[in-house]
**Student:** 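Below: one structure in structure tokens.
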Amino acid sequence: MKQFSFPKEKRLVNNRQFKAVLARGRRLSNGLLTLYMAENDCGYPRLGVSVSKSCGNAVVRNRLKRLLREAFRQSQDSIPAGFDYLLMVSPQWLKKSRTGKAARLPTFEQVKGSFLALVQELTRRDASQRE
RNA sequence: AGAGUGGGUCGGGCGACCGCUGGUCCGCCAGAAGUGGGCUGGAGGAAAGUCCGAGCAGGACAGGGCACGGUGGUGGCUAACGGCCACCCGGGGCGACCCGCGGGAAAGUGCCACAGAAAAUACACAGCCGAUGAUUUCGGCUUGCCGGAACACAGGCAACGGUGAAAUGGUGCGGUAAGAGCGCACCGCGGCGCCGGUGACGGCGCCGGCAGGGCAAACCCCACCGCCUGCAAGACCAAGUAGCUGGCUACUCGGCCCGAGUGUGAGUCCGCCGUCCUUUUGGCGGACUCUGCCAGCGGGUAGGUCGCUUCACGCACAUAUUAGGGCAUAAGCCCAAACUCAAUAGGUGCGGGAGAGCCGACUGGCAACAGUUGGUCAAGAUAAAUGGUCGCCGUCCGCCGUUACCGGCGGAAUACAGAACUCGGCUUACGGACCCGCUCUUUUU
RNA sequence: GGGGACGUGGUGUAACGGGAGCACACCGCGGUCGCAUCGCGGGAAUGAGGGUUCGAUUCCCUUCGUCUCCA
């Protein structure tokens, strides 16, 4: 299997899957992102992305979703498999980083770093809870 | 050179690595699924707002009218439009040029706050005059006349009236007791005639002393246009809930959905026969289809396929199906062997058609545009692709050196902004770059 | 994607084309030993731009925002 591919099977694709993750998943958030994690039975990680309208116009929302997808794509081998991941962007972070008229968007490094940190923290909590 | 004005074009580029999505081909595999790879298409001038106009789809529908909505100078262009072009009128600017929902106010209704004498009716009110006729009084005297004054009774007048957005033509001269289009000159206004223009309208001449306020983005009138809803339209498949009412309509069986059977009826087609022939009509026989339909109300599902992304046609090549099979619950998508006559289907190549496409040239036209001809081109996702990171160049900003040019460092989702059935417009947003035309001012020749 | 409705002080709402009001909230003063109730006074808005009109919250156009509906 190829290293960093991201076909449609690795995404959450309909409303039922999203609702399942929101209902069963554990949630954690830092200032920028909110992550929901829930186990699945596929044997590989899957990603869902939700960016609300209050984050900006269509260009901004597209950019944010691409950044999130890219972060997942590059790090999908270093996170636990068999989980569904649902990522959201908080509009408060964008408002806070407002410089002048337009909100400064986060860089790719920021997004990837905070995604990995959230995954790590949630997995650590999960392990300690089982003990 | 400076200031300004109108129009058009572009709206970052190159490379590396890693990805996403449509199409197509190849390898592994018996084949598909799966998987790996090759080639190729993959955001905009506004994709935006959804303000108009169409195509397309569903519903309704004889025709006409009413109601409702829209448009509004004139002529043209366009598939159509509230769009575009040219012209007219009004306003602004020295000018190039810009702006204007720019029909009707003697068809009717309504409104015009406050202020003001008065707000649509032409007069009252305040005011002016005292010529003319009275009254009172003073002076002169020729004793009933002249001159003056007062009063504002009769009478005359519409200029003048802290206002107001708007006040019954304006300015000047004459005129008068005071005045007044009362008279005259110019301007404005109205009517008539002639000329020019397709027309909106313009020009000239004559006549009339002046008819008459504003608002129709108030109701309204006139002319013209318009059925309603929108791709979440609509068609189909799967899963699934719960039916009810009304109208027309054969029966039997099974408890219903639904299915089966029988016969009748209806429709279509074919053959035969009769009336002299044709049209027509009737009868007989055979084959096929239907056996429930329509309208209204209510309930359930939110999964998928098509619509959906340019393709009629011809030729050539290889292929598939009609005849096997795979994936999928199904719609649908796809594959292989043998046969190759035909039909059908898609593919590739060549030709070529269509596009209310785009660009260039020519012809016609002031122009919008039309015709001819040549070239060019093709995104189709559906928790929703068209990207991420890095390097170099370009652009912009800041700092420093440098006063020009330039160099260094740092920064910048590098302006606005992301297709969702498809076109034609309009409107709005936009850092900047380039091109063309024109106007004014200054300087030089 | 496509329809529809609506924007008035901090909040909820009125207003035939002519003075932008009401209630709650807020601030100040009085009152009370203090607080509340109460009385008096005050500040604070027509989403933005343009047009029609003598004059727009109201009528028209553009724009921004909010809510809602659909197979």
Side-chain angles (χ1 to χ4, degrees):
Chain A
M1 182 144 138
K2 247 173 96 181
Q3 196 73 1
F4 293 126
S5 71
F6 185 47
K8 206 171 285 183
E9 289 73 32
K10 298 188 183 174
R11 303 179 198 175
L12 302 181
V13 131
N14 58 41
N15 200 20
R16 200 164 291 159
Q17 295 171 349
F18 271 78
K19 277 186 173 157
V21 173
L22 285 172
R24 296 188 292 111
R26 290 176 296 281
R27 183 184 63 180
L28 184 64
S29 133
N30 57 14
L32 172 63
L33 297 176
T34 302
L35 174 69
Y36 286 79
M37 263 177 84
E39 294 175 47
N40 62 14
D41 44 5
C42 308
Y44 47 81
R46 293 190 301 184
L47 176 71
V49 168
S50 174
V51 179
S52 93
K53 214 172 191 178
S54 56
C55 294
N57 58 21
V59 174
V60 170
R61 294 199 301 272
N62 264 335
R63 165 85 183 170
L64 289 170
K65 282 189 272 189
R66 283 164 181 160
L67 286 175
L68 293 177
R69 278 203 302 266
E70 190 68 14
F72 176 83
R73 183 178 75 84
Q74 289 190 10
S75 51
Q76 57 183 316
D77 290 341
S78 49
I79 59 177
F83 281 90
D84 286 336
Y85 299 88
L86 175 54
L87 279 171
M88 297 180 179
V89 179
S90 86
Q92 278 81 21
W93 192 90
L94 297 169
K95 257 182 223 163
K96 227 191 307 179
S97 68
R98 199 172 279 271
T99 55
K101 62 166 190 171
R104 181 78 66 84
L105 288 183
T107 64
F108 175 68
E109 290 304 318
Q110 276 177 292
V111 170
K112 190 176 175 184
S114 69
F115 171 60
L116 285 177
L118 283 173
V119 170
Q120 214 168 10
E121 174 68 17
L122 260 186
T123 339
R124 194 186 58 75
R125 280 193 202 177
D126 202 39
S128 66
Q129 206 171 27
R130 281 187 194 170
E131 282 172 17

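Because only heavy atoms are used, hydrogens play no part in the values below, and waters and symmetry mates are left out as well, while side chains stay in. None of these values were measured; they are calculated from a predicted model. Chain letters run A, B, ... following the sequence lines, proteins first and then strands; every chain starts at 1.
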**Student:** Whole angstrom is fine here: how far is it from CZ in A/Arg66 over to P in B/G387?
**Tutor:**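 About 6 Å, once rounded to whole Å.
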**Student:** Syn versus anti for B/A331, judged by chi lying within 90° of 0?
**Tutor:** anti
**Student:** Now, which nucleotide makes the Watson-Crick or G-U wobble pair with C/G31, with each of the two distances under 3.5 Å?
**Tutor:**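 C/G31 is paired with nothing.
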**Student:** Give me the distance, rounded to whole Å, that separates B/G190 from B/G169 when you measure between the C1' atoms they each carry.
**Tutor:**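 The answer is 12 Å between these two C1' atoms.
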**Student:** Need to verify one output field. Residue with the more 5' nearest nucleotide on RNA chain B, A/Leu86 or A/Glu70?
**Tutor:**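 Looking at RNA chain B, the more 5' nearest nucleotide goes with A/Leu86.
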**Student:** How far does the C1' atom of B/G31 sit from the matching atom of B/A320, given to the nearest Å?
**Tutor:**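 Taking atom C1' in both B/G31 and B/A320, they lie 14 Å apart.
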**Student:** Tell me the partner of B/U278, counting only Watson-Crick (N1-N3 plus N6-O4 or O6-N4) or G-U wobble (N1-O2 and O6-N3) with both under 3.5 Å; none if nothing fits.
**Tutor:**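 Per the H-bond distance test, none.
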**Student:** For B/A80, does the O4'-C1'-N9-C4 (purine) or O4'-C1'-N1-C2 (pyrimidine) torsion place it in syn, i.e. within 90° of 0, or in anti?
**Tutor:**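 Anti conformation for B/A80.
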**Student:** A/Phe72 CZ to B/G19 C1': how many Å, rounded?
**Tutor:** 13 Å
**Student:** Could you give the distance separating B/G130 and B/A177 at their C1' atoms, to the nearest angstrom?
**Tutor:** 7 Å
**Student:** What are the two closest non-hydrogen atoms of A/Phe72 and A/Lys10, and how far apart are they?
**Tutor:**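 Minimum heavy-atom separation between A/Phe72 and A/Lys10: CE2-O, 4.3 Å.
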**Student:** Between B/U382 atom P and A/Lys65 atom NZ, what is the distance in whole Å?
**Tutor:** 13 Å
**Student:** Sticking with atom P, work out how far B/C293 lies from B/A250, rounded to a whole angstrom.
**Tutor:** 16 Å
**Student:** Given that both distances must come in under 3.5 Å, which nucleotide forms a Watson-Crick or G-U wobble pair with B/C297?
**Tutor:**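 Answer to the pairing question: B/G243, which forms a Watson-Crick or G-U pair with B/C297.
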**Student:** How many whole angstroms separate atom CZ of A/Arg61 from atom C1' of B/G418?
**Tutor:** 10 Å
**Student:** Looking at B/C20, B/G418, B/G388, which one has an atom nearest to any side-chain atom of A/Phe108?
**Tutor:** B/G388
**Student:** Within a 6.0 Å radius of atom CD on A/Glu121, are there more than 12 heavy atoms belonging to other residues, nucleotides or ligands?
**Tutor:**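 Enclosed: over 12 neighbouring heavy atoms sit under 6.0 Å from CD of A/Glu121.
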**Student:** When you compare B/A166 with B/G212, how far apart are their C1' atoms, in angstrom units rounded to a whole number?
**Tutor:** 14 Å
**Student:** List the atom of A/Leu68, the atom of A/Leu47, and the distance in Å for their closest heavy-atom pair.
**Tutor:**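 Heavy atoms only, the tightest pair is O-CD2, 4.2 Å.
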**Student:** State which of B/G388, B/C20, B/A417 makes the closest approach to the side chain of A/Val59.
**Tutor:**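 The answer is B/A417, which lies nearest to the side chain.
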**Student:** If I take atom CD in residue A/Glu109 and atom P in nucleotide B/A413, what distance separates them, rounded to the nearest angstrom?
**Tutor:**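 For the pair A/Glu109 CD and B/A413 P, the rounded distance is 15 Å.
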**Student:** Going only through I, L, V, M, F, W and Y residues with side-chain contacts under 4.5 Å, is there a path from A/Val51 to A/Val59?
**Tutor:**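 No, A/Val51 and A/Val59 fall in different hydrophobic clusters.
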**Student:** Using Watson-Crick or G-U wobble geometry with both distances below 3.5 Å, tell me the partner of B/C189, or none.
**Tutor:** B/G208
**Student:** Donor-acceptor pair, distance only, cut-off 3.5 Å: does the side chain of A/Asn30 make one with the backbone of A/Leu33?
**Tutor:** yes
**Student:** Among the candidates B/G19, B/U386, B/A413, find the nucleotide nearest to the side-chain atoms of A/Arg69.
**Tutor:** B/U386
**Student:** Between B/G36 and B/G19, how many Å separate the two P atoms, rounded to a whole number?
**Tutor:**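 Result for the P pair: 10 Å, nearest Å.
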**Student:** Looking at the angle O4'-C1'-N9-C4 for a purine or O4'-C1'-N1-C2 for a pyrimidine, is B/U309 syn or anti, with syn meaning within 90° of 0?
**Tutor:** syn
**Student:** Are the side chain of A/Gln76 and the backbone of A/Arg73 linked by a donor-acceptor contact shorter than 3.5 Å?
**Tutor:** yes
**Student:** Determine yes or no for a side-chain-to-main-chain donor-acceptor pair under 3.5 angstrom, with A/Arg26 supplying the side chain and A/Thr123 the backbone.
**Tutor:**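 No.
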**Student:** What is the distance from CG of A/Asn62 to P of B/U386, rounded to the nearest Å?
**Tutor:** 8 Å
**Student:** For A/Arg63 and B/G388, what is the distance between atoms CZ and C1' respectively, to the nearest whole Å?
**Tutor:**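 Spelled out: CZ on A/Arg63 to C1' on B/G388 is 8 Å.
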**Student:** Does the structure show a Watson-Crick or G-U wobble partner for B/G36, both distances under 3.5 Å? Name it, or say none.
**Tutor:**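 For B/G36, the partner nucleotide comes out as B/C26, under the 3.5 Å rule.
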**Student:** Based on the glycosidic angle (syn within 90° of 0, else anti), state the conformation of B/G45.
**Tutor:** syn
**Student:** Is it the case that more than 12 heavy atoms not belonging to A/Arg27 sit under 6.0 Å from its CZ atom?
**Tutor:**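 12 or below, so no.
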**Student:** Under 4.0 Å, heavy atoms only, any strand: does A/Phe18 hit a base, just the sugar-phosphate, or nothing?
**Tutor:** base
**Student:** If the C1' atom of B/U137 is compared with that of B/G155, how far apart are they to the nearest Å?
**Tutor:** 23 Å
**Student:** Return the value, rounded to whole Å, for the distance between atom CG of A/Asn57 and atom C1' of B/A48.
**Tutor:**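 Those two atoms, CG and C1', are 10 Å apart.
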**Student:** Does B/G407 have a Watson-Crick or wobble mate here (both distances under 3.5 Å), and if so which one?
**Tutor:**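 B/C400 is the nucleotide pairing with B/G407.
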**Student:** Where the side chain of A/Leu67 is defined as all heavy atoms beyond and including C-beta, which of B/U389, B/A43, B/C20 is the nearest nucleotide?
**Tutor:**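 Of B/U389, B/A43, B/C20, B/U389 is nearest to the side chain of A/Leu67.
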**Student:** By nearest heavy atom, map A/Ser50 and A/Thr107 onto RNA chain B; which one lands nearer the 5' end?
**Tutor:** A/Ser50
**Student:** Using atom P in both nucleotides, what's the gap between C/C67 and B/A46 to the nearest angstrom?
**Tutor:** 32 Å
**Student:** Could you tell me which nucleotide pairs with B/A345 by Watson-Crick or G-U wobble geometry, both distances under 3.5 Å, or answer none if nothing does?
**Tutor:** B/U319
**Student:** Paired with B/A54 by Watson-Crick or G-U wobble geometry, both distances under 3.5 Å: which nucleotide is it?
**Tutor:**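 Answer to the pairing question: B/U422, which forms a Watson-Crick or G-U pair with B/A54.
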